[in-house]
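Here is the structure we will look at.
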Amino acid sequence: MFPGTGRWYAADMDATTPAAAPSLFLLTDLYQLTMAYGYWRLGLAARRAVFHLTFRQQPFGGGYAIAGGLGPAVDYLTSLQPTAADLDYLATLVGNDGRPLFDPAFLAWLDGCRFTGDLDAVPEGSVVFANEPLLRVEGPLLQCQLVETALLNLVNFSTLVATKAARVRVAAGDEPVLEFGLRRAQGPDGGLTASRAAYLGGADATSNVLAGHRYGIPVRGTHAHSWVMCFPDEPTAFAAYARVLPNNCVFLVDTYDTLEGVRHAIAAARELRAQGHELVGIRLDSGDLAYLSQQARRLLDEAGFPGAKVLASNDLDERLIESLHLQQAAIDLWGVGTRLVTGGEQAALGGVYKLAALAAPDGGWEYPLKLSEQAIKITTPGRLGVRRFCRQGEIVADCIYDLDLGLLPGAALVDPRDATRQRPLEPELTAAELLVPVLRAGQPVGARPTLAESRQHTLQQLAALHPGVKRLANPHELPVGLEPRLAARRTRLIGEARARVRERRTPG
């Protein structure tokens, strides 16, 4: 929910509708189906359950992430149903004894399976932090279990790329960022997802025409080296391109000699101006971008084309852009491709989807807990919410709390890694809920913002972060902690679970 708007995010209005999309029922790991079968066989399918989708560490060694993928996730949940072909395939699966893996009665039951649970989520474009829920899924145990893999697939990659794009956006400042990554993306679906997420994270346009059509993202492009190589020389190639597209001339100048290419672009620009058109700019795709951009800027200005832009590409990312700024590069636009749409140095977000509560026979809740030798992997049981605290519009802390325990005024944040570290929450701070209703009983709640509105939300969220949190190197860690009673319950449950392990341990 955007603060003050009461609106949740589902899919983009112009995206492929669920009815037209192929079935994604089998977009899952086999163990989700075998567990679902087990719940059905044991009479546990309808037991109410709560799962949370979180991630454990900030991506890219940064101080924040940008929540992405909610729109596609909602499309998935609201259209979830098996086709006859899906069920026919499942009927062919066999166990180690060669017998069918699933009872035909279970497959018949799946035929009527729909998602009827509740979904609360962080709106796309929101700044989020490790260990706090991005999604809370509550409903029948079988349904909540069945959607785990797909939700992780849809949210993890989008959040990763949206975060990378936001980091590039911050490094570029007010200079436009163009996403040029389709040819290096992980397949057509990865390319579409990455283009959407990059725009969400702050990119201004994409070269991906299908993404432009499907999601309403502005599309931009120049020409390739092959265009220049198809002509006897570079001046002839530029002149030909100017005749064909006089209103879209951005010349790629480094096919042979970069600065000579700039001079050839200037000659073509003079012809364009004589015909009533202006050179949009030039593109640098190799070499010393700081030096070449400075020299190109000088040549363009001296020739009377101060309005022509210098676009740079060539394996850029936020760190290289920051470095080029420090070198006073004369670059006006940034074309970022491979390192944006693939996640660059980080292959995956590492989000997880964990069971946090089960309905008890008395009408209350039981709180299952996952232990681990790694403290970071121990779960926080409960029906969790996140309240965000701000001071004069700046985000200063997030508090994770249990919906049933609530959040007492003046409560402190307890660090889940070290209960002795606590941060008081000053009474003058303003607060807002981060997770908001998206689905109730499987049906959408409220209106849906467009992708462009969610992108604007990203920019507003980034503006609300202290510069230290956005710093690329050694960023400030914004406080994210547990409400004290939730922290105490978690500590108690960990102690009880460890005691049970000790009791069951085989002597010797």
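Just so you know, these numbers come straight off a predicted model, no measurement behind them.
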Legend entry - Residue pairs, two or more places apart or on separate chains, that pass side-chain hydrogen bond (donor to acceptor under 3.5 Å, both in side chains) and touch residues 83-101: Ser23-Asp86, Thr83-Asp86
Inset, instruction - Can you label the angle between the Trp40 ring and the Tyr37 ring as parallel, tilted or perpendicular, going by 30° and 60°? - result: parallel
Inset, instruction - Could I get the full list of side chain to side chain donor-acceptor pair (under 3.5 Å) partners for Thr380, not counting sequence neighbours? - result: Arg490
Legend entry - Carboxylate-amine/guanidinium proximity below 4.0 Å for Arg485 and Asp402: no
Inset, instruction - Verify the neighbour count for atom CZ of Arg471: are there more than 12 heavy atoms of other residues, nucleotides or ligands below 6.0 Å? - result: yes
Inset, instruction - For Thr206 and Glu179, run side chain to side chain donor-acceptor pair (under 3.5 Å): C-alpha distance rounded to whole Å, both residues' side-chain angles, the deciding distance at 0.1 Å, then the answer. - result: CA-CA 5 Å; Thr206 179; Glu179 177 267 304; 2.5 Å; yes
Legend entry - Counterpart residues, side chain to side chain contact (heavy atoms under 4.5 Å, CB included), relative to Leu44 (two or more places apart): Tyr39, Leu42, Leu141
Inset, instruction - Provide the full list of ring pair (Phe, Tyr, Trp, His ring centres under 6.0 Å) pairs with a residue in residues 366-409, sequence neighbours left out, each pair given once. - result: none
Inset, instruction - For Arg220, enumerate each residue passing the side chain to side chain donor-acceptor pair (under 3.5 Å) test, keeping only those at least two apart in sequence or located in another chain. - result: none
Inset, instruction - Identify, with sequence neighbours excluded, every residue that meets side chain to side chain contact (heavy atoms under 4.5 Å, CB included) alongside Glu366. - result: Arg47, Ala360, Pro361
Just distance, no hydrogens or angles: give the donor-acceptor pairs under 3.5 Å from side chains in residues 407-423, sequence neighbours left out.
residue, atom, partner, partner atom, Å
Asp415, OD1, Arg417, N, 2.9
Asp415, OD1, Arg417, NE, 3.1
Asp415, OD2, Arg417, NH2, 3.2
Asp415, OD2, Arg421, NH1, 3.0
Arg417, NH1, Glu477, OE2, 3.3
Arg417, NH2, Glu477, OE2, 2.6
Asp418, OD1, Thr420, N, 3.0
Asp418, OD1, Thr420, OG1, 2.5
Asp418, OD2, Thr420, OG1, 3.2
Gln422, NE2, Ala419, O, 3.3
Arg423, NH1, Glu426, OE1, 3.4

Inset, instruction - Scan for side-chain hydrogen bond (donor to acceptor under 3.5 Å, both in side chains) pairs involving residues 106-119, sequence neighbours excluded, and state none if there are none. - result: Arg48-Asp118, Thr116-Gln143
Legend entry - Asp120 bridged to Arg440 by N-O distance under 4.0 Å: yes
Legend entry - Phe51: partners by ring-ring contact (aromatic ring centres under 6.0 Å, His included), with sequence neighbours left out: Tyr353
Inset, instruction - Looking only at non-hydrogen atoms, find the nearest pair between Val341 and Ala194 and report the distance. - result: CB-CB, 3.6 Å
Legend entry - Leu182: side chain to side chain contact (heavy atoms under 4.5 Å, CB included) partners, not counting sequence neighbours: Asn208
Inset, instruction - Could you tell me whether Glu322 and Arg167 have a side-chain N and a carboxylate O separated by less than 4.0 Å? - result: no
Inset, instruction - Any salt bridge (Lys or Arg N to Asp or Glu O under 4.0 Å) involving residues 339-348? Give me the pairs, sequence neighbours left out, ordered by first then second residue. - result: Lys164-Glu345, Asp317-Arg339
Legend entry - Short side-chain donor-acceptor distance under 3.5 Å, Thr54 and Asn131: no
Legend entry - Residue Glu496 excluded, over 12 heavy atoms near CD under 6.0 Å: yes
Legend entry - side chain to side chain contact (heavy atoms under 4.5 Å, CB included) against Val170, all qualifying residues, sequence neighbours excluded: Tyr64, Leu462, Lys470
